[in-house]
Enquirer: 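Let me begin by handing over the structure; questions about it come next.
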Amino acid sequence: MASVGPSAASTQPALPSGPAVFKTIPYAFILPEILCGTWVWILVAATSVSLPLLQGWVMYVSLTSCLISLLLLLSYLLGFHRNSENWKVLDSLYHGATAILYMSAAVLQANATINSEFSTNGPLNYQLNSAASFFAFLTTFLYILHAFSIYYQ
């Protein structure tokens with residue numbers, strides 16, 4: 001019977017640093033999350049906000065998530081993680097919590113889209129709200145993919 005040493009049994013894949021971040025799943029999802037989230041808050045900001053409480057939450061979630069994800073991406077690019085396993089836990093918790101928050105924001109944005117369908121502001125406002133809803137759900141999906149794919153590494 002061959003003996004397996006502790007180093008062979010506990011081999012974990014290294015966390016990517018530098019440009020390898022863009023080639024490694026789930027870390028490759030960070031840039032699309034940032035881009036789609038940016039589209040959400042740009043499109044919501046371009047509408048005439050008829051429901052400030054609902055769309056204010058959408059703006060808060062999308063802008064905060066974009067900034068934190070950008071900081072996380074920069075930390076991976078610059079190698080701040082130093083291949084610590086705690087970064088995987090932090091990454092998973094952040095993306096899981098953000099997926100839940102983004103789902104709530106996407107549902108509220110869809111509600112704002114439905115309410116803007118028959119508003120007097122015209123079809124442009126409805127189209128902008130529809131596009132914002134689409135990108136909000138797409139961003140939610142990206143955050144969910146990122147959170148769950150960490151477990152299957």
Side-chain angles (χ1 to χ4, degrees), residues 13-82 84-153:
L15 293 173
S17 292
V21 170
F22 300 113
K23 300 175 187 173
T24 309
I25 301 291
Y27 308 102
F29 291 131
I30 295 176
L31 190 59
E33 291 164 2
I34 293 169
L35 293 175
C36 290
T38 303
W39 273 112
V40 171
W41 64 266
I42 288 172
L43 289 165
V44 171
T47 64
S48 61
V49 177
S50 58
L51 302 165
L53 189 60
L54 299 182
Q55 289 182 303
W57 176 250
V58 175
M59 290 288 287
Y60 173 76
V61 169
S62 60
L63 190 56
T64 305
S65 300
C66 277
L67 293 175
I68 294 173
S69 292
L70 183 62
L71 289 174
L72 191 62
L73 176 64
L74 287 174
S75 66
Y76 279 123
L77 287 174
L78 298 175
F80 288 150
H81 55 75
R82 291 187 174 83
S84 172
E85 285 298 312
N86 295 333
W87 276 83
K88 279 188 177 182
V89 174
L90 171 79
D91 192 90
S92 178
L93 288 174
Y94 165 70
H95 282 88
T98 305
I100 294 168
L101 293 175
Y102 239 110
M103 179 59 79
S104 71
V107 169
L108 291 175
Q109 180 57 39
N111 184 19
T113 302
I114 292 168
N115 289 335
S116 71
E117 184 175 9
F118 302 110
S119 71
T120 59
N121 295 334
L124 179 63
N125 196 34
Y126 175 70
Q127 291 168 351
L128 290 171
N129 278 320
S130 296
S133 294
F134 171 76
F135 280 108
F137 281 107
L138 179 64
T139 308
T140 302
F141 180 67
L142 288 169
Y143 276 105
I144 290 170
L145 277 178
H146 189 127
F148 280 115
S149 60
I150 289 175
Y151 293 112
Y152 298 111
Q153 273 187 323

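The basis for the numbers below is simple: all heavy atoms, side chains too, and nothing from hydrogens, waters or symmetry mates.
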Enquirer: Looking at every non-hydrogen atom in both residues, tell me the closest pair between Val44 and Thr47 and how far apart they are.
Expert: O-OG1, 2.7 Å
Enquirer: How many angstroms lie between CE in Met59 and CG in Leu43, if you round to the nearest 0.5 Å?
Expert: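 Between atom CE of Met59 and atom CG of Leu43 there are 10.0 Å.
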Enquirer: Does atom CZ of Phe141 have more than 12 heavy-atom neighbours from other groups under 6.0 Å away?
Expert: no
Enquirer: Rounded to the nearest 0.5 Å, how far apart are OG1 of Thr139 and CH2 of Trp41?
Expert: 13.0 Å
Enquirer: Which heavy-atom pair separates Trp87 from Ser75 by the least distance, and what is that distance?
Expert: CZ3-OG, 3.4 Å
Enquirer: For residues Ser149 and Phe29, report the shortest heavy-atom separation together with the two atoms involved.
Expert: OG-CE1, 4.1 Å
Enquirer: Output every pair passing ring pair (Phe, Tyr, Trp, His ring centres under 6.0 Å) with a member in residues 101-128, not counting sequence neighbours, ordered by first then second residue.
Expert: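 Applying ring pair (Phe, Tyr, Trp, His ring centres under 6.0 Å) to every pair that reaches into residues 101-128, excluding sequence neighbours, yields Tyr102-Tyr143.
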Enquirer: What closest approach, in Å, do Leu128 and Ala46 show between heavy atoms, and which atom pair accounts for it?
Expert: CD1-O, 3.6 Å
Enquirer: Between Ser65 and Ser62, is there a donor-acceptor pair closer than 3.5 Å when you use the side chain of the first and the backbone of the second?
Expert: no
Enquirer: Treating Ser92 as the side-chain partner and Lys88 as the backbone partner, does any N or O pair qualify as donor plus acceptor under 3.5 Å?
Expert: no
Enquirer: Which atoms form the tightest heavy-atom contact between Thr113 and Asn129, and what is the distance?
Expert: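 Smallest heavy-atom distance, with atoms named: OG1-O, 2.9 Å.
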Enquirer: For residues 30-39, which side-chain N or O atoms pair as donor and acceptor with protein atoms under 3.5 Å away, sequence neighbours left out?
Expert:
residue, atom, partner, partner atom, Å
Glu33, OE1, His95, NE2, 3.0
Glu33, OE2, His146, ND1, 3.3
Thr38, OG1, Ile34, O, 2.6

Enquirer: Mind running side-chain contact (heavy atoms from CB on, under 4.5 Å) on Val89 and Leu93 for me, showing each step along the way?
Expert: CA-CA 6 Å; Val89 174; Leu93 288 174; 3.9 Å; yes
Enquirer: Would you indicate whether the side-chain heavy atoms of Val40 and Gln109 approach each other to under 4.5 Å?
Expert: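 Counting from C-beta outward, Gln109 and Val40 never come under 4.5 Å.
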Enquirer: Taking atom CZ of Phe135 and atom OG1 of Thr140, what is their separation to the nearest 0.5 Å?
Expert: 13.0 Å
